[in-house]
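One structure is given here, and the rest of the page talks about it.
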Amino acid sequence: MEEKCSPSDFWLTDEEVAKWMDSAFAMAKEALEKGEVPVGCLMVHQDQVVGKGRNQVNRTKNATRHAEMVALDRLLDWCRRGNRDVRSVCERTVLYVTVEPCIMCAAALRLMNISTVAYGCGNERFGGCGSVLDVGSARLPRTGNSFKCVSGHRADEAVEMLKLFYKQENPNAPKPKTRKE
């Protein structure tokens with residue numbers, strides 16, 4: 001695995017990453033079966049899943065319902081139900097996701113002070129952890145803490161799942177318009 005962002009006090013073992021990424025990949029497969037872009041993620045705090053999500057953009061017709069945003073909503077609910085301090089929970093939470101978070105999601109993770117992001121494959125079109133922008137380690141005043149990124153776990157498998165999705169027809173895609181002369 002490759003480390004892409006600035007280091008923090010948090011360190012992940014290969015065994016931890018493999019364990020949690022197995023669950024993230026199961027969620028990505030579920031998303032693929034439901035006609036969504038196959039991305040799944042988990043937010044783990046003190047060895048407990050406190051938020052999880054898979055893409056729900058097509059189902060909800062809401063472009064912000066990325067796996068990370070769904071997982072963040074669930075983490076916030078978990079904190080509210082347990083009367084926990086969101087900031088202190090997030091500072092000790094690791095996000096495991098099958099594909100590099102997009103710029104929007106990386107910015108949300110930074111604002112929430114997530115400490116570490118472990119992901120499978122890069123996101124060459126929209127990646128916010130170094131592929132397009134490095135939101136995680138950029139000098140961005142008053143935008144939360146930088147976070148550490150660990151990439152490359154099962155990257156080939158994540159890419160293959162994305163290829164499968166994009167080969168199939170998306171029922172929610174707009175109909176192509178023919179040009180009138």
Side-chain angles (χ1 to χ4, degrees), residues 1-5 12-44 48-75 93-110 112 114 116-136 147-179:
M1 285 177 288
E2 174 187 345
E3 190 176 307
K4 282 190 106 167
C5 299
L12 304 176
T13 66
D14 288 341
E15 293 78 24
E16 279 178 294
V17 174
K19 170 185 165 182
W20 298 115
M21 289 296 275
D22 282 348
S23 296
F25 272 90
M27 294 180 73
K29 287 175 185 164
E30 185 181 297
L32 181 62
E33 291 166 3
K34 301 283 186 186
E36 296 284 354
V37 176
V39 179
C41 79
L42 301 168
M43 300 187 91
V44 178
Q48 177 184 359
V49 175
V50 297
K52 63 182 181 176
R54 63 174 175 76
N55 273 18
Q56 297 179 2
V57 171
N58 288 336
R59 182 181 67 77
T60 63
K61 296 184 180 11
N62 180 339
T64 68
R65 301 317 301 155
H66 292 194
E68 299 92 336
M69 301 303 269
V70 172
L72 273 173
D73 284 347
R74 292 184 176 158
L75 175 140
T93 295
V94 178
L95 180 122
Y96 297 89
V97 63
T98 57
V99 178
E100 175 186 4
C102 71
I103 294 165
M104 171 188 72
C105 291
L109 297 170
R110 183 178 176 120
M112 297 301 297
I114 297 299
T116 307
V117 173
Y119 64 90
C121 69
N123 181 344
E124 298 302 321
R125 291 187 70 197
F126 307 109
C129 294
S131 291
V132 176
L133 288 177
D134 196 351
V135 175
F147 56 85
K148 176 181 174 182
C149 294
V150 180
S151 67
H153 184 76
R154 294 168 62 177
D156 292 339
E157 183 179 351
V159 168
E160 287 306 312
M161 289 175 65
L162 290 167
K163 286 180 181 177
L164 274 174
F165 173 79
Y166 288 109
K167 281 181 188 173
Q168 67 190 14
E169 190 169 319
N170 181 350
N172 293 310
K175 302 287 182 233
K177 295 180 182 173
T178 53
R179 214 172 181 184

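We count residues from 1, following the sequence as given.
Minimum heavy-atom separation, Leu42 to Ala24: CD1-N, 4.0 Å. Contact detail for Met21 and Gly120: the closest heavy-atom pair is CE-N, 3.6 Å. Minimum interatomic distance between Ile114 and Met43 (heavy atoms only, all atoms of both residues): CD1-CE, 3.3 Å. Heavy atoms only, all atoms of each residue included: Val117 and Pro101 are closest at CG1-CG, 3.9 Å. Taking every heavy atom of both residues into account, Cys105 and Glu68 meet most closely at SG-OE1, 3.4 Å. Across all their heavy atoms, Ala155 and Cys121 have their closest contact at O-CB, 3.6 Å.
A salt bridge does not link Glu16 to Lys19: none of the charged side-chain nitrogens sits closer than 4.0 Å to a carboxylate oxygen.
Within the 4.5 Å cutoff, side-chain heavy atoms of His66 are placed close to those of Val57. In this structure, the side chains of Arg154 and Asp22 come closer than 4.5 Å at one or more pairs of heavy atoms. The shortest distance between side-chain heavy atoms of Thr98 and Pro38 does not fall below 4.5 Å. Here the side chains of Asn55 and Phe165 are not in contact, with every heavy-atom distance at 4.5 Å or above. By the 4.5 Å heavy-atom criterion applied to side chains, Met104 and Phe126 are not counted as neighbours.
Evaluation of the salt bridge (Lys or Arg N to Asp or Glu O under 4.0 Å) rule for Lys29 yields Glu157 as partners, not counting sequence neighbours.
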Apply side chain to side chain contact (heavy atoms under 4.5 Å, CB included) to residues Trp20 and Val49 and explain how you reach the verdict. CA-CA 9 Å; Trp20 298 115; Val49 175; 3.3 Å; yes
Please walk me through it: do Val39 and Val97 pass side chain to side chain contact (heavy atoms under 4.5 Å, CB included)? CA-CA 7 Å; Val39 179; Val97 63; 3.6 Å; yes
Worked check of side chain to side chain contact (heavy atoms under 4.5 Å, CB included) between Lys34 and Asn58: CA-CA 9 Å; Lys34 301 283 186 186; Asn58 288 336; over 6 Å; no
Side chain to side chain contact (heavy atoms under 4.5 Å, CB included) between Cys129 and Phe147: does it pass, once the steps are laid out? CA-CA 9 Å; Cys129 294; Phe147 56 85; 3.9 Å; yes
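A distance-only check finds a donor-acceptor pair linking the side chain of Glu100 to the backbone of Ser131 [under 3.5 Å]. In this structure, Arg110 contributes its side chain and Val135 its backbone to a donor-acceptor pair below 3.5 Å.
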